[in-house]
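See below for the structure under consideration.
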Amino acid sequence: MTITIDRYQQGQRQSQQLDIIAEECPVALVYNGISHVVMMATPKDLAYFALGFSLAEKIITSPQDIYGMDIVTTEQGIEVQIELSSRCFSQLKQKRRTLSGRTGCGICGSEHLAQICQRVAPLPFESKLSLKQLTISEDYLKQVQQIGRQTACTHAAVWINEQGEFIAGFEDIGRHVALDKLLGYRAKQSYQKGAIIVSSRASYEMVQKAANCGVEILCAVSAATTMAVALAKANRLTLIGFCRRQQGTIYTYPERLIG
């Protein structure tokens, strides 16, 4: 979106000019007619977002659990209307979880601590990755941040294969939403081996989303938190932070890394 701004520098008004800002929109995920979550997101690739969120939150176990999806624009925002299998919808109603998230909040609205501290089955050791391939990870992130290049306002998540080759990537104003979009795309394409790179810190929610979707290697350009490292260790996920400028900090399970 283009708007008119006044630019100031060194305390003085320099000029009035046009500027491009990132679009932010409330997106509601509605399952079988019941609104479950409202997230602030960049309004594109929303079908992948809905699928990835549903997988990462363990609302579904596979893309086949979603029978249909419609994206409807309203005066208030956008609704992604999802038709769930009766089994998944019954389980969803039992969770009694309704979120009104800000920019991609991962655990806002959880009613009990037990809802946050969920573990998944320990991940297998099927993926490998060469450390040398991570030296170009920042280039991959910039490659998908088309809106970010114009606005400096988006995060990105990228999927690479075991050879370090770029496969796919998505951007969003929210780091969680960018990851959800990528997880949805990855599930749709049935990708398994490889790694995810995110343009943010590695927080607990990012590790949880990755582990819930079977991702074995998660790389972040910034630091990891204590809970993220603990969860990665518990779920046997390889977690790497400060993955930029030909360096990185390996927090857990270096066995998956070559070189």
Side-chain angles (χ1 to χ4, degrees), residues 45 48-63 65 104 106-107 117-131 133-134 137 140-141 144 155-172 174-225 227-243 248-258:
D45 303 313
Y48 288 134
F49 163 51
L51 175 57
F53 180 91
S54 301
L55 288 164
E57 294 292 315
K58 303 175 89 170
I59 295 170
I60 62 175
T61 57
S62 75
D65 289 326
I107 60 175
C117 302
Q118 297 177 359
R119 290 187 179 182
V120 300
L123 293 165
F125 281 82
E126 297 177 351
S127 290
K128 296 286 185 180
L129 187 66
S130 170
L131 285 174
Q133 305 302 330
L134 294 179
S137 59
Y140 290 154
L141 292 168
V144 303
H155 281 290
V158 164
W159 178 257
I160 59 175
N161 62 18
E162 288 188 297
Q163 291 72 45
E165 298 168 333
F166 173 86
I167 300 299
F170 294 86
E171 68 174 331
D172 198 275
R175 56 196 175 94
H176 299 93
V177 179
L179 178 57
D180 283 333
K181 290 177 178 179
L182 180 64
L183 292 171
Y185 178 87
R186 174 180 174 272
K188 203 74 173 176
Q189 304 301 321
S190 300
Y191 293 135
Q192 294 298 323
K193 297 181 180 180
I196 283 180
I197 307 167
V198 294
S199 64
S200 63
R201 70 182 184 276
S203 62
Y204 172 88
E205 310 98 300
M206 305 291 272
V207 171
Q208 180 173 259
K209 285 177 179 290
N212 281 350
C213 292
V215 175
E216 295 183 39
I217 305 171
L218 177 64
C219 312
V221 300
S222 192
T225 65
M227 286 188 68
V229 174
L231 186 63
K233 192 171 294 184
N235 291 331
R236 298 201 307 193
L237 179 143
T238 297
L239 181 60
I240 308 173
F242 298 107
C243 185
T249 299
I250 305 169
Y251 296 103
T252 56
Y253 298 101
E255 300 93 311
R256 291 190 180 92
L257 304 173
I258 302 170

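Atom NZ of Lys128 is separated from atom CD1 of Ile258 by 6.5 Å, given to the nearest 0.5 angstrom. The structure places CZ of Arg236 at 12.0 Å from OG1 of Thr252, a figure rounded to the nearest 0.5 Å. We find the CD1-CG distance between Ile250 and Leu131 to be 5.0 Å, quoted to the nearest 0.5 Å. Rounding to the nearest 0.5 angstrom, the gap separating the CD1 atom in Ile160 from the CD atom in Glu165 is 9.5 Å. Expressed to the nearest 0.5 Å, how far OH of Tyr204 lies from CE of Met227 amounts to 5.0 Å. The distance from the CH2 atom of Trp159 to the CD1 atom of Ile167 is 9.0 Å, given to the nearest 0.5 Å.
Taking 4.0 Å as the cut-off between side-chain N and carboxylate O, Glu57 and Lys209 count as a salt-bridged pair.
Qualifying ring-ring contact (aromatic ring centres under 6.0 Å, His included) partners for Tyr251, counting only residues two or more places apart in sequence or in other chains: none. Residues satisfying the salt bridge (charged side-chain N to carboxylate O under 4.0 Å, His left out) test with Arg256, not counting sequence neighbours, are Glu216. Under the salt bridge (charged side-chain N to carboxylate O under 4.0 Å, His left out) criterion, Asp65 pairs with Arg87, not counting sequence neighbours. The side chain to side chain donor-acceptor pair (under 3.5 Å) check on Ser203 picks up Arg175, Glu205, with sequence neighbours excluded.
Remark: the backbone N or O of Ala56 is paired with a side-chain donor or acceptor of Asn212 at under 3.5 angstrom. With hydrogens and angles disregarded, no donor-acceptor distance shorter than 3.5 Å links the side chain of Ser54 to the backbone of Ile60. Although no hydrogens or angles enter the test, the distance criterion places no donor-acceptor pair under 3.5 Å between the side chain of Asn235 and the main chain of Leu237. Between the Tyr253 side chain and the Phe125 main chain, no donor and acceptor come within less than 3.5 Å of each other.
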Validation: residues 218-225 side-chain donor-acceptor distances under 3.5 Å, sequence neighbours left out:
residue	atom	partner	partner atom	Å
Thr225	OG1	Ala228	N	3.2

Would you mind writing out the side-chain donor-acceptor pairs for residues 182-197 within the sub-3.5 Å range, not counting sequence neighbours?
residue	atom	partner	partner atom	Å
Arg186	NH1	Cys213	O	2.9
Arg186	NH2	Gln192	O	3.4

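Side-chain contact between Asp172 and Asp180 is absent, with no heavy atoms from C-beta onward closer than 4.5 Å.
The two atoms that bring Ala178 and Ala157 nearest to each other are O-CB, 3.7 Å, heavy atoms only. Nearest heavy atoms, Val144 versus Ala156: CG2-CB, 3.6 Å.
Under the side-chain contact (heavy atoms from CB on, under 4.5 Å) rule, Met206 has a single partner from Leu179, Leu239, Leu231, which is Leu179.
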**Message:** Would Ile59 and Phe53 count as a side-chain contact (heavy atoms from CB on, under 4.5 Å) here? Give the steps.
**Reply:** CA-CA 8 Å; Ile59 295 170; Phe53 180 91; 4.0 Å; yes
